[in-house]
Chemist: 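Attaching a single structure in structure tokens format; questions to follow.
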Amino acid sequence: MTTGALVLVGVPIGNLADMSPRATQALRDADVVACEDTRDTRKLLNLLDVGRKKLIAVHDHNEADMADTIVSLVADGQRVALVSDAGMPGISDPGEKLVAAVSAAGHDVEVVPGPSAAITALVVSGLPAGRFCFEGFLPRKGSGRTERLRHLATEPRTSILYEAPHRVAATVDDLVAACGADRPVALARELTKLFEEVWRGTLGELAEHLAVNERRGEYVLVLGGAPDRRPAT
């Protein structure tokens, strides 16, 4: 019997040419492909000429329930490739619960690294990348959102956030209120795609920019760290 494994496979965030030969081969070698949206993943597999694969849906709403199924498949000697709709599984996408379950059961977990919108935006932002934190999507409302904004106001490291186009302006307004209009920021849109755009300035300037520019595509906000306000000695 072949040795089963859960294989996390990074896929492009926009440009199909960023798909690595190793990642393509991992999908060819997989017995099962677990994915967020079976229709989107089927299109990707067809474009890569991977061949027909058994697909199972694993998304935010069912990841915990699917963990036992994935463990059983791996225990039976099957190689299960996990992919996100874009980027690396487990980064603001399903993955961590499956990794925890498979590894706790004593089975192999492998990773085929690939593109990440967070890291791509960070390195193109021009902001300090030596120390950074990934915030993902902020809570949409309530005390959880207020608490995260409060932490961002004093976070000394560069912070990376994801946001949807219909919420990005409101999030920037909240960041202005929490962090101040002068905090440096970069906004990356449609990374690696035809209409890729990177905007750099301050939070106050970004709020003005978003007020008069149409918002489409997926966004990554890269927020400069809080200034050191300790008194000089």
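The first residue in the sequence is number 1, and the count goes up from there.
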Chemist: More than 12 heavy atoms of other residues, nucleotides or ligands under 6.0 Å from CD of Glu110: yes or no?
Modeler: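 Correct, the count exceeds 12.
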
Chemist: Is the backbone of Ser125 close enough, under 3.5 Å, to the side chain of Arg200 for a donor and an acceptor to pair up by distance?
Modeler: yes

Chemist: Is the count of non-hydrogen atoms from other residues, nucleotides or ligands lying under 6.0 Å from Arg145 atom CZ greater than 12?
Modeler: yes

Chemist: Heavy atoms only: give me the nearest Met19-Thr24 pair and the separation to one decimal.
Modeler: CG-OG1, 3.4 Å

Chemist: What distance do Asp40 atom CG and Ser84 atom OG have between them, rounded to the nearest 0.5 Å?
Modeler: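 Result: 11.5 Å between the selected atoms.
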
Chemist: To the closest 0.5 Å, what do you measure between CD (Glu197) and CZ (Arg216)?
Modeler: 13.0 Å

Chemist: Might you point out which heavy atoms bring Leu27 and Ala81 nearest each other, and give the distance in Å?
Modeler: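 For Leu27 and Ala81, the tightest heavy-atom pair comes out as CD2-CB, 3.9 Å.
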
Chemist: Between CZ of Arg39 and CZ of Arg42, what distance do you get to the nearest 0.5 Å?
Modeler: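 These two atoms lie 12.5 Å from each other.
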
Chemist: Just verifying a value: how many Å separate His166 NE2 and Thr171 OG1, rounded to the nearest 0.5 Å?
Modeler: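 Interatomic distance, His166 NE2 to Thr171 OG1, rounded to 0.5 Å: 9.5 Å.
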
Chemist: Distance-only, no hydrogens or angles: does the Tyr162 side chain make a donor-acceptor pair with backbone N or O of Glu218 under 3.5 Å?
Modeler: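 Looks like no, no N/O pair under 3.5 Å.
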
Chemist: Assigning hydrophobic clusters by single linkage (Ile, Leu, Val, Met, Phe, Trp, Tyr; side-chain heavy-atom cutoff under 4.5 Å), is Leu149 placed with Val220?
Modeler: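 Per the 4.5 Å side-chain linkage, Leu149 and Val220 are not co-clustered.
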
Chemist: Would you find a donor on one side and an acceptor on the other, under 3.5 Å apart, between the side chain of Gln25 and the backbone of Pro21?
Modeler: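 No, because the side chain of Gln25 does not come within donor-acceptor range (under 3.5 Å) of the backbone of Pro21.
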
Chemist: Closer than 3.5 angstrom, by distance alone: can the side chain of Arg183 be matched with the main-chain N or O of Gly224 as a donor-acceptor pair?
Modeler: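 Checked: pair present.
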
Chemist: Are the side chain of Asp76 and the backbone N or O of Gln78 linked by a donor-acceptor pair below 3.5 Å?
Modeler: no

Chemist: Show your working on side chain to side chain contact (heavy atoms under 4.5 Å, CB included) between Leu6 and His107 and close with a plain yes or no.
Modeler: CA-CA 8 Å; Leu6 173 66; His107 304 300; over 6 Å; no

Chemist: Indicate yes or no: at least one non-hydrogen side-chain atom of Val185 is less than 4.5 angstrom from one of Leu175.
Modeler: no

Chemist: Is Ile13 reachable from Val222 through a run of I, L, V, M, F, W or Y residues, each pair having side-chain heavy atoms under 4.5 Å apart?
Modeler: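 Yes, it is one cluster - the side chains of Val222 and Ile13 are joined through contacts under 4.5 Å.
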
Chemist: Leu210 and Ala169: which non-hydrogen atoms are nearest, and at how many Å?
Modeler: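 Heavy atoms only, the tightest pair is CD1-CA, 4.0 Å.
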
Chemist: Taking Asp93 for its side chain and Asp85 for its backbone only, find out whether a donor-acceptor pair lies under 3.5 Å.
Modeler: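 Between the backbone of Asp85 and the side chain of Asp93 there is no qualifying donor-acceptor contact (under 3.5 Å).
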
Chemist: Answer yes or no: is there a donor N or O on one side and an acceptor on the other, between the side chain of Ser159 and the main chain of Leu223, under 3.5 Å?
Modeler: no

Chemist: Hydrophobic clusters here meaning ILVMFWY residues chained together by side-chain heavy-atom distances under 4.5 Å, can you tell me if Leu55 and Val9 are in one?
Modeler: yes

Chemist: What's the spacing between Leu203 CG and Asp173 CG if we round to 0.5 Å?
Modeler: 10.0 Å

Chemist: Is a side-chain donor or acceptor of Ser92 paired with a backbone partner of Gly136 at a separation under 3.5 angstrom?
Modeler: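 No.
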
Chemist: Taking side-chain contact (heavy atoms from CB on, under 4.5 Å) as the definition, give me every residue that meets it alongside Pro94, ordered by chain and number, with sequence neighbours left out.
Modeler: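 Here the qualifying residues are Glu36, Val58, Asp60, Glu63.
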
Chemist: Is there side-chain contact between Ile70 and Ile56, with at least one heavy-atom pair below 4.5 Å?
Modeler: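 Side chain of Ile70 against side chain of Ile56, heavy atoms only: contact under 4.5 Å found.
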
Chemist: Can you tell me how far the CD atom of Glu135 sits from the CD1 atom of Ile160, to the nearest 0.5 Å?
Modeler: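 If I round to the nearest 0.5 Å, the distance is 10.0 Å.
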
Chemist: Applying a strict under-4.5 Å side-chain criterion to I, L, V, M, F, W and Y, I'd like to know whether Tyr219 and Phe137 cluster together.
Modeler: no

Chemist: Would you indicate whether the side-chain heavy atoms of Ile119 and Phe134 approach each other to under 4.5 Å?
Modeler: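 No; the side chains remain at least 4.5 Å from each other.
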
Chemist: So if you build clusters from Ile, Leu, Val, Met, Phe, Trp, Tyr with side-chain heavy-atom gaps below 4.5 Å, do Leu206 and Val176 land together?
Modeler: yes

Chemist: Identify the heavy atoms of Val71 and Ala105 that sit nearest to each other, and give their distance.
Modeler: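 Of all heavy-atom pairs spanning Val71 and Ala105, the closest is CG1-CB, 3.8 Å.
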
Chemist: For residues Pro12 and Pro115, report the shortest heavy-atom separation together with the two atoms involved.
Modeler: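 Reported closest heavy-atom pair: CA-CG, 3.9 Å.
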
Chemist: Any idea which heavy atoms bring Lys53 and Arg28 closest together, and the distance?
Modeler: NZ-O, 2.5 Å

